[in-house]
2 protein chains.
Amino acid sequence: MTVSRGPGDKTGGDSLHGLVEERLRQAAQRYTSGRRALVDLLAQAGHPLSIEDIAEQAPRMPRSSAYRHLVDLQQAGVVRRVAANDGYFRFELAEDITEHHHHLVCTYCGQVLDVTPTPAFEQAMNSYLASLTGSSGFVSDDHRLDVLGACATCNRARSARRDQALPRATPQPAGRP
Amino acid sequence: MTVSRGPGDKTGGDSLHGLVEERLRQAAQRYTSGRRALVDLLAQAGHPLSIEDIAEQAPRMPRSSAYRHLVDLQQAGVVRRVAANDGYFRFELAEDITEHHHHLVCTYCGQVLDVTPTPAFEQAMNSYLASLTGSSGFVSDDHRLDVLGACATCNRARSARRDQALPRATPQPAGRP
DNA sequence: TATACACTGAGAACAAGTCTCAATCCAACT
DNA sequence: AGTTGGATTGAGACTTGTTCTCAGTGTATA
């Protein structure tokens, strides 16, 4: 498997913007500069972005516009909204635009990394999902696997000083999560 | 695998309350009637409950108390808070009190069901998680798998009238999700 | 009984995400 | 070039799940 921090395989070159433009057109929407900037951000990040991340990297874009663009792009099948464990939404490009992946969620620093599963594991996953329908009647359209743990950096810090407990990321988010 | 709607294997009888009381004691907290009522609710549900579910089934309990109990129980390692795809939190008993399970999330009616994975799949999962450490340096403590799709009821409705699109659960939650 | 501290209820406060509305942009047509 | 209709945008008000505050109540220990 590969851990990526850049755009997925299918997002290289200009095919990404062509694809997005086509999907927006099918939804009777335009591919304006604001929306293009958002898609660029998501493609370059290579991992789900929070609205805070987006505001940092695109300070000129009002949040209401960012949220609206994300809704529009989601409805056009370009963006997927994922609920992280801290209760805040994060946004990423749809999997059929990048590629199927899972998330490595570091519970110490809060970082989310993308990881592409091995074919062997995806095969096991698919036969498992198929068996669900037989036993429960549940028909699966999609799945999401989040692996919780410590990223390489935090793990090094953790083993460097085993006597001290590392602080966890956002244990009790203040205000409305 | 089994799809459960009742308490997990380890929650039968009175061992559940003894275990919870012990964990609360270790956190210097009491196992009061309000907290016991919440634990009973979660154990009987057998699937993650929203604050709305809890308010329905325990109308006498103020929400502020319910939230506070859930925070306390979470800190004592009794309850786990899960972020559903609609942006609302749901609450369930910790896995080491019930048993390891995954979630079937119906994207039509919003229902969340628990499902216990097959040993074969869990074995594939474990070797996959182990391989992550080698390739990325990420050390996994835990994982969560959510299967998105249509539950048996919604799937029947979906195939009964293929010409009509079924409404999706909370596609655009009004106000603050 | 006295004391200390944990627990509870009621409601205020907070903030992520959504909605409203007036202004602006853009494509298509004349 | 000018018009027109509809999509897009920015600013800010609004909604509402969740957390915080505070005064009052319960409870264990001495």
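What you are looking at is a predicted structure, and each value in this text was computed from that prediction instead of being measured. Each chain gets a letter, A, B and so on, in the order its sequence line appears, and its residues count up from 1.
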Options [options], nucleotide nearest the side-chain atoms of [X]:
| X | options | answer |
| --- | --- | --- |
| A/Arg81 | D/dG10, C/dT18, D/dA7 | C/dT18 |
| B/Tyr88 | D/dT27, D/dG17, C/dG11 | D/dG17 |
| B/Arg68 | C/dG17, D/dG6, C/dT8 | C/dT8 |

Would you indicate, yes or no, if [N] has its OP1 or OP2 atom less than 4.0 angstrom from a side-chain nitrogen or oxygen of [X]?
| X | N | value |
| --- | --- | --- |
| A/His69 | D/dT8 | no |
| A/Thr32 | D/dT9 | yes |
| B/Gln29 | C/dA6 | no |
| B/Arg36 | C/dC7 | no |
| A/Arg35 | D/dT9 | yes |
| A/Tyr67 | C/dG17 | yes |

Take atom CG of B/Asp53 and atom P of D/dT18, then tell me their distance rounded to the nearest Å. 12 Å

Between C1' of C/dT8 and CG of B/Asp72, the distance in whole Å: 11 Å

Whether B/His102 and A/Tyr128 hold their rings parallel, tilted or perpendicular, with breakpoints at 30° and 60°: perpendicular

Would you call the rings of A/Phe91 and A/Phe89 parallel, tilted or perpendicular if under 30° counts as parallel and over 60° as perpendicular? tilted

Taking the nucleotide of DNA chain C with the nearest heavy atom to each, does B/Ser64 or B/Ser33 sit closer to the 5' end? B/Ser33

Between A/Ile51 and B/Arg60, whichever has its closest DNA chain C nucleotide further toward 5' is B/Arg60

Checking B/Thr133 side chain against B/Phe138 main chain: does a donor-acceptor pair fall under 3.5 Å? yes

Are the side chain of A/Glu95 and the backbone of A/His101 linked by a donor-acceptor contact shorter than 3.5 Å? yes

Is any NZ, NE, NH1 or NH2 atom of the basic residue among B/Arg63 and B/Glu52 found under 4.0 Å from an Asp or Glu carboxylate oxygen of the other? yes

Within the structure shown, what part of the strands sits under 4.0 Å from B/Ser65 by heavy-atom distance: base, sugar-phosphate, or nothing? base

